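Below: the structure, in C-alpha cells.
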2 protein chains.
Amino acid sequence: MKLEQAIQSTKFKSEVQKAVLNTLYTAWWLKTVMSKELKEFGLTHEQYNVLRILKGKYPEQMCVRDVACRMIEKSSNVPRIIDRLELKKLVKRATSQIDKRETVITLTQSGIAILEASTRILDKSMDDNRFMMNCEDAEKLNSLLEKLRKTEE
Amino acid sequence: MKLEQAIQSTKFKSEVQKAVLNTLYTAWWLKTVMSKELKEFGLTHEQYNVLRILKGKYPEQMCVRDVACRMIEKSSNVPRIIDRLELKKLVKRATSQIDKRETVITLTQSGIAILEASTRILDKSMDDNRFMMNCEDAEKLNSLLEKLRKTEE
DNA sequence: ATTATTTATGTGTATATACATCTATTTAGT
DNA sequence: ACTAAATAGATGTATATACACATAAATAAT
C-alpha cells in the first residue's frame, strides 16, 4: 500500500518530509509483519531482539549494558525485557564476580531452542524473496537512510 | 552514526536484511529527534500526530475512526491519546448527533495555539536543511521504501 | 584511607502499543 | 417489527518506551 493511501494524506510539505513519514510508516509495517510471526512463540519483537543479541556472543555471557547498546531502539528498558525472558526461563541472570555491579545474562537451552525455531520461521517469512528488492536496491536504500540520519550538526 | 556502530554489529545476513534493520533504526532515530523538540510543549510524538490530523480537517470535526486511519502507527489506541489531549484541554469530545456511536473531536483554541507553536519549532528543526538530502534523494528513498513494503503476497 | 564521583542496574511513573472484550447504536436480514 | 450482525468507541491487561531517580559497587580525587 502506498504511503498516501496508508495515512490518507496527499499533500506533503516536501519530498524530504514525505520520506520522513514514509520511513516511520515502513518501520511500523515491518515491526507488525515480524511480530505476527513471533506471536506463536509468545515472543515480542523486543524480546526476540534481546535473544538474538545474546546469541551473538553465546556461549559467552553478556552484561545488561552490552545488550542495551546493541538494541535497535536505544531507550528500550533492557532490565525489564530480561525480567520477562527470565520468567519464561529463556535466560538466566547472575551477578558478575569480577564486577559486582554487573548482571550477567546467559541463554538457557530453552532460550536457544525457541530462538532457533522462531528464527527459522522468521527467516522463511522475512527472507530476501519476500521483498521485491534486490541487493542493489537494498544498498541504495541503506546509503539513503544513512544520508537521512546525517545532519549538519 | 553508521548502522554498524549504532547497533554494534557488522555481519548481516544480506543487504536486504540490513536495510530492514536500518529502516527500524532510522525510524527510532527520527522519533527521538522529534520527541526532543515536542517535549517543551508537553506533547508526545503521538499526541502531536493526532493534533496535526485534526488540524487537517479543521474547522470540521473528526470522529475517532477517521483520526485512527490517518495515524502512521495503525495500532495506536486513539481514544486513549485523546484522553490525554482532552485532559490538557487541547481537544473537545462530543457525541455525534447523526450517529450516536461516534465521538466527534474538535481542536480547542488552546489546541490550535500549541499545535502552531510546536509546528514552528519542529519545522525549524526538521526542515529540509537539517537533512543532508536533496529532493532527488528523497524521491529515490520514497520509491525504495514503497518497494520494500511491496511483497509477493 | 576517606570521600566524591562515576558506573551498572533496578525501580517507579506516565504514556504508548497490541490485542481482547464490552457496551451502545446502527444496519441488514427475515 | 424483530432479531442478528456489524460498527464505533471505551476499557482492561500485558508489554514496551521514555525518563527520573534510587541503590550498590567500583574508581578517582584528596
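Please read these numbers as outputs of a predicted model, since none were measured by experiment. Lettering of chains follows the sequences in order, A, B, ..., and the numbering in each one begins at 1.
- For a distance-only test at 3.5 Å, the side chain of A/Arg65 fails to qualify as a donor-acceptor partner of the base of C/dT6.
- Comparing D/dA10, C/dT11, C/dA18 by their nearest atom to the side chain of A/Arg80 picks out C/dT11.
- Between B/Trp28 and D/dA16 there is no side-chain N or O to OP1 or OP2 distance below 4.0 Å.
- The phosphate of D/dT17 has OP1 or OP2 within less than 4.0 Å of a side-chain N or O from A/Ser76.
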Practice problem: Apply side-chain hydrogen bond (donor to acceptor under 3.5 Å, both in side chains) to A/Gln61 and A/Thr106, showing your working. | Solution: CA-CA 5 Å; A/Gln61 300 178 321; A/Thr106 327; 3.2 Å; yes
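- With rounding to whole Å, A/Gln97 atom CD is found 12 Å from D/dA25 atom P.
- Across all strands, A/Lys39 comes closer than 4.0 Å only to sugar-phosphate atoms, never to a base (heavy-atom distances).
- Taking atom CH2 of residue B/Trp29 and atom C1' of nucleotide D/dA18, one finds them 18 Å apart after rounding to whole Å.
- Dense packing is recorded around NZ of B/Lys88, with more than 12 heavy atoms of other residues, nucleotides or ligands lying under 6.0 Å away.
- The environment of A/Lys89 atom NZ is sparse: at most 12 non-hydrogen atoms of other residues, nucleotides or ligands sit within 6.0 angstrom.
- Across the protein-nucleic acid pair, A/Gln61 atom CD and C/dT9 atom P stand 12 Å apart, rounded to whole Å.
- To the nearest angstrom, P of C/dT15 lies 21 Å from CE of B/Met34.
- The residue among B/His45 and A/Asp99 whose nearest nucleotide of DNA chain C lies closer to the 5′ end is A/Asp99.
- Residue A/Asn77 places its side chain closer to D/dC19 than to any other of C/dT26, D/dC19, C/dT15.
- Between B/Lys13 and A/Asp127, no side-chain nitrogen of the basic residue sits less than 4.0 Å from a carboxylate oxygen of the acidic one, so the salt-bridge criterion is not met.
- No more than 12 heavy atoms of other residues, nucleotides or ligands lie within 6.0 Å of NZ in A/Lys92, so this atom counts as exposed by the packing criterion.
- Across C/dT7, C/dG12, C/dA16, the shortest atom-to-atom separation from the side chain of B/Glu46 is found for C/dA16.
- In this structure, A/Glu102 places its CD atom 11 Å from C1' of D/dA25, rounding to the nearest Å.
- Residue A/Thr44 places its side chain closer to D/dA16 than to any other of D/dT11, C/dT11, D/dA16.
- Nucleotide C/dA16 holds its P atom 16 Å from the OH atom of B/Tyr48, rounded to whole Å.
- The only member of B/Lys140, B/Lys147, B/Lys150 that meets salt bridge (charged side-chain N to carboxylate O under 4.0 Å, His left out) when paired with A/Asp137 is B/Lys147.
- Each of B/Ser35 and A/Arg84 was assigned the nucleotide of DNA chain D with the nearest heavy atom; the assignment lying further toward the 5' end belongs to A/Arg84.
- Mapping B/Arg93 and A/Lys88 onto DNA chain D by nearest heavy atom places B/Arg93 closer to the 5' end of the strand.
- The separation between A/Lys31 atom NZ and D/dT15 atom C1' is 13 Å, rounded to whole Å.
- Each of B/Gln47 and A/Lys36 lies near DNA chain C, and the nucleotide nearest B/Gln47 is the one positioned closer to the 5' end.
- When distances run from any side-chain atom of B/Arg101 to the nucleotides C/dA24, D/dC19, C/dG10, the shortest one goes to C/dA24.
- A/Leu38 places its CG atom 19 Å from the P atom of C/dT17, with the value rounded to the nearest Å.
- The nucleotide whose nearest atom lies closest to any side-chain atom of B/Val64 is, among D/dA25, D/dA10, C/dG10, D/dA10.
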